[in-house]
Structures are given as structure tokens and as C-alpha cells.
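Numbers restart at 1 for each chain; the letters A, B, ... are given by sequence-line order, proteins then strands. Keep in mind that what you see is a predicted model, and the values were worked out from it rather than measured.
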Protein chains: 2
Amino acid sequence: MNGEKELELARERVIDAISKNMNLYGVTESIGRLYGAMYFQEGPLTLDEMKEELGMSKTSMSTSVRSLLELKMVGKVWKKGVRKDLYQAEPDWYQTFIDFFTIKWRAGISLNISAMQKSLSEIQSLVDNERVENHVKNQANLDIDKLTSAIEYYEWLNRLVDSFESKEIFEFIPKKTEKS
Amino acid sequence: MNGEKELELARERVIDAISKNMNLYGVTESIGRLYGAMYFQEGPLTLDEMKEELGMSKTSMSTSVRSLLELKMVGKVWKKGVRKDLYQAEPDWYQTFIDFFTIKWRAGISLNISAMQKSLSEIQSLVDNERVENHVKNQANLDIDKLTSAIEYYEWLNRLVDSFESKEIFEFIPKKTEKS
DNA sequence: AAATACGTACAGAAAAAACTGTACGTACTG
DNA sequence: CAGTACGTACAGTTTTTTCTGTACGTATTT
């Protein structure tokens, strides 16, 4: 008993939880496991080391690591004298959380707001057009209300994301609870 | 030109954006379209009406609506004299947002915290065991630090979720900006 | 300049997920 | 108490996604 196996198992359990968790938000379990594996490494890893670690193809490592880069969950590291690309897991989970959701939320916000504004003005012109039938106008007016309040919600979400990005959220929910 | 087609197209664009957005968080586009379609309906819908609306099987509607129920994005509605089950989209997107992420985050939190606490105590016992090799102990100590701060992060996230559930978040980020 | 190392585009194979139709249990209806 | 309506479990099919191996472009070494 030198403890190596036990440590490995304990890590494995956590890696599993991490990847299942990430999977809840549409990230592949493989990508999650890669992040988890990198998280427990002391230093940065090369693609070949990842391939070794997870027993998967180098191609997969390449694409998976790119996904993690886009999510800012790993960073590329430069090290003197090393030719291979090196990647390291972002260790600060507050930051990871913020990046992850900021990226997704912003994408969703702009997607939805632009679609809604476009449709909103189209629908408005239906209401303004006297050749449009009345029952359609009624529906149109209902839709206008819905879209208006949906846009309002997205503006709120935008402000929420701002407070994440600026870290102001930590003034509202501090990282540590007050000692009593 | 009675405007019906134009209204339909304008809605379609928004439904598309909604479903693509939901898809970012691991929800099928079909399920997203179903929510979108329901969102624009005036009243609640039966499974058969949904099937009609989306041109899909009733089985799919049944399972999709169940997913939406679990996410609290739709609710079951009772209406006198109607035998079929009726479902209605939750119209308040603030609430939808809160429910959606609260559900997911809480699931992830408990998953991770319990895995981490278990592993943490296992790793601690490696450190305490004098038969464990030194280089393993060093690794173990690093892991303890990582897990400890990860758990701290999850406790923060838990408090954040609390503030969503209790609506206190709206004191920090108000629904409407102050009029100037 | 040839040889080697490295990362990734791309096409095909393998695996997973989404979707459908049938079948069946339950609950109403006449 | 038939007969009908309704929702969903389940098995099989279709579609999508993930994963791999090969091939190739670029960069580095000799």
C-alpha cells in the first residue's frame, strides 16, 4: 500500500462528478473528463499526455481542448524550450463559472434580442396596416406585449451578466460568509 | 393580405431563436420549439394540438412536455369539462430563468459536493497514514487544497441560488432600470 | 534541404440520442 | 359492463453526435 491507487480512485470520483455536472449544460462527458483530469494535474499538459491520460485519440484531445479553450476553462501555456502546445486548467472556479455562463448568456441574449426586435417591428406594422384582419390584429397585439416583456427580461439578464463580469456580484454574494 | 402568414413568420423567427438558445444549455431544439410554440398560444394546449402544431408524433409531445414540466417551463392546467391534459407555457421569463438554473445548479452542487467530501476524507486519511509514500502525500496535500477551495466555491454558488429562489437577486439587479 | 515533429482537417466508423408506431393500462362514457 | 379516449412504456428505426485514423500543412531540427 503506497496510496497511489487510492488517490487515483478518489480523484476519479471527483472527475466523474465534474464531467456529469458539465454534461448538464450540454458539454460532452469526455470533454468534462478532460477538464477534470487537467484540474488534478500539477502542471500543464501536452496533447500527447492527455491522450495518454484518457486513452483517447490525439484528434479528440485536440478538438476537446479547443472546446475548453472557447469556454475559457483551460488556457494555453508557454514554456521555454517546449515545442508542444501546453494547456492548463483554469483553477479558479469562480472565474470558470463566470466565464462559462457569461459566454453562453451573452450569446443567447443577442440571438434573442435581435430576433425579437425584428419580429416586433414586423408585427407592429401589421397592427398599423388597415388591410389586416381584426382577429389577426388582436393576436398581434398580444404578441407585442409578450415580446416587449421578453426583451425587458433580456435587458435584465444583460445587467446580471454585467455584474458577473465586473465581479460586482461578489459584493452582493460574498465569496466567504462573514465569520461569526 | 390578411396578415396571418406574416404573423406566423414573425413568430417563427422568435421560436427559432428561443429553441436555439435553449439548445445552448443542453435542451433539444424540438423541446425548445415546443416551448416556443406554446409561448405564443393564447391558452393551454393538449398533446394532440401540439402534435398538430409541430407535426410530430404524440409520443414525442408527451416526452417533450414532461421535460418542460421538470424544468418548470410549462405547467399542467385544469379546465372544467376537458378530459385531455392541458399544458401552458410559463409566461414569466424571470421565473423561468430562475427555475431553470436553480434546478440545474442545485443538482450539480449536491452531486459535486458529496463526491468531493467523500474524496476529501479519503485523501486526508492517506495523508494521515504513515505507510503512504511521501510523493503521494505531497500530491494528496495539493488535492486537499484544490478540493477545499472547490467546495468553498460550491457553497458560494449555493448562496447565489438561494438569492435567486428568494428573489433577493432583484434587489441587487432590479427588474427595471431607474427612470432618469 | 531533407528529415522529423506537431497539430488539425476531413472522411468514415462507432456510439448515442431523438423520434415513431405499436401496444397496453387506466379512466371515462354510454 | 362493453366501448372509447387518453397518455405513455417500450422496441425498433432514423438521425445526429462523437470518436478515430489518415493525410497533410507548417514549423523545427539536423
Side-chain angles (χ1 to χ4, degrees), chain A residues 15-16 18-38 43-71 73-89 104, chain B residues 15-16 18-38 43-71 73-89 104:
Chain A
I15 291 173
D16 222 64
I18 290 173
S19 78
K20 287 211 172 67
N21 185 27
M22 289 173 65
N23 192 241
L24 287 176
Y25 308 103
V27 178
T28 307
E29 289 219 12
S30 296
I31 295 181
R33 280 202 306 278
L34 177 58
Y35 175 81
M38 293 175 76
L45 287 181
T46 65
L47 290 179
D48 284 309
E49 288 167 332
M50 297 176 203
K51 167 189 144 128
E52 197 57 34
E53 188 77 23
L54 302 202
M56 291 179 70
S57 72
K58 199 173 174 180
T59 305
S60 288
M61 296 305 96
S62 176
T63 55
S64 296
V65 105
R66 177 161 51 194
S67 306
L68 290 172
L69 277 172
E70 281 163 11
L71 295 169
M73 295 186 68
V74 309
K76 203 166 181 173
V77 167
W78 186 86
K79 212 168 161 180
K80 192 173 152 187
V82 176
R83 240 170 76 181
K84 304 187 181 193
D85 293 353
L86 290 169
Y87 300 95
Q88 183 153 24
K104 297 235 172 191
Chain B
I15 291 172
D16 222 65
I18 290 173
S19 77
K20 288 210 172 68
N21 184 27
M22 289 172 65
N23 192 240
L24 287 176
Y25 308 104
V27 178
T28 307
E29 289 218 12
S30 296
I31 294 181
R33 280 203 306 279
L34 177 58
Y35 174 80
M38 293 175 77
L45 288 181
T46 65
L47 289 179
D48 284 308
E49 288 167 333
M50 298 176 203
K51 167 189 144 126
E52 197 58 34
E53 188 78 23
L54 302 203
M56 291 178 71
S57 71
K58 198 173 175 180
T59 304
S60 288
M61 297 304 97
S62 175
T63 55
S64 296
V65 105
R66 177 162 49 193
S67 306
L68 290 171
L69 278 173
E70 281 164 10
L71 295 170
M73 295 187 67
V74 309
K76 203 166 182 174
V77 167
W78 186 86
K79 212 167 161 182
K80 193 173 152 187
V82 176
R83 245 173 76 190
K84 305 188 181 193
D85 293 354
L86 290 168
Y87 300 95
Q88 184 153 24
K104 296 235 173 191

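For the pair B/L86 CG and D/dC6 C1', the interatomic distance rounds to 12 Å; values are reported in whole Å. Rounded to whole Å, the distance from CG on B/D48 to P on D/dA5 is 11 Å. Atom pair B/K58:NZ and C/dG21:C1' shows a separation of 13 Å (rounding to whole Å applied).
Take the nearest nucleotide of DNA chain D for B/Y87 and for B/R83: the residue whose nucleotide is more 5' is B/R83. Nearest-nucleotide assignment on DNA chain D puts the 5′-proximal partner with B/T59, out of B/T59 and A/T59.
Residue-level contact check: B/S30 touches the backbone only, with heavy atoms under 4.0 Å from sugar-phosphate atoms and none from bases. Counting any heavy atom pair closer than 4.0 Å across all strands shown, A/T28 reaches sugar-phosphate atoms only and no base atom.
Using a 4.5 Å heavy-atom cutoff, the side chains of A/E53 and A/E49 are not in contact.
The two residues A/G32 and A/M22 make their nearest non-hydrogen contact at CA-SD, 3.7 Å.
Under 4.0 angstrom from either OP1 or OP2 of D/dT20 there lies at least one side-chain N or O belonging to A/S57. Side-chain N/O atoms of A/R66 include one lying less than 4.0 angstrom from OP1 or OP2 on C/dA9. Using a 4.0 Å cut-off, no side-chain N or O of A/S62 falls inside it from OP1 or OP2 of C/dG7.
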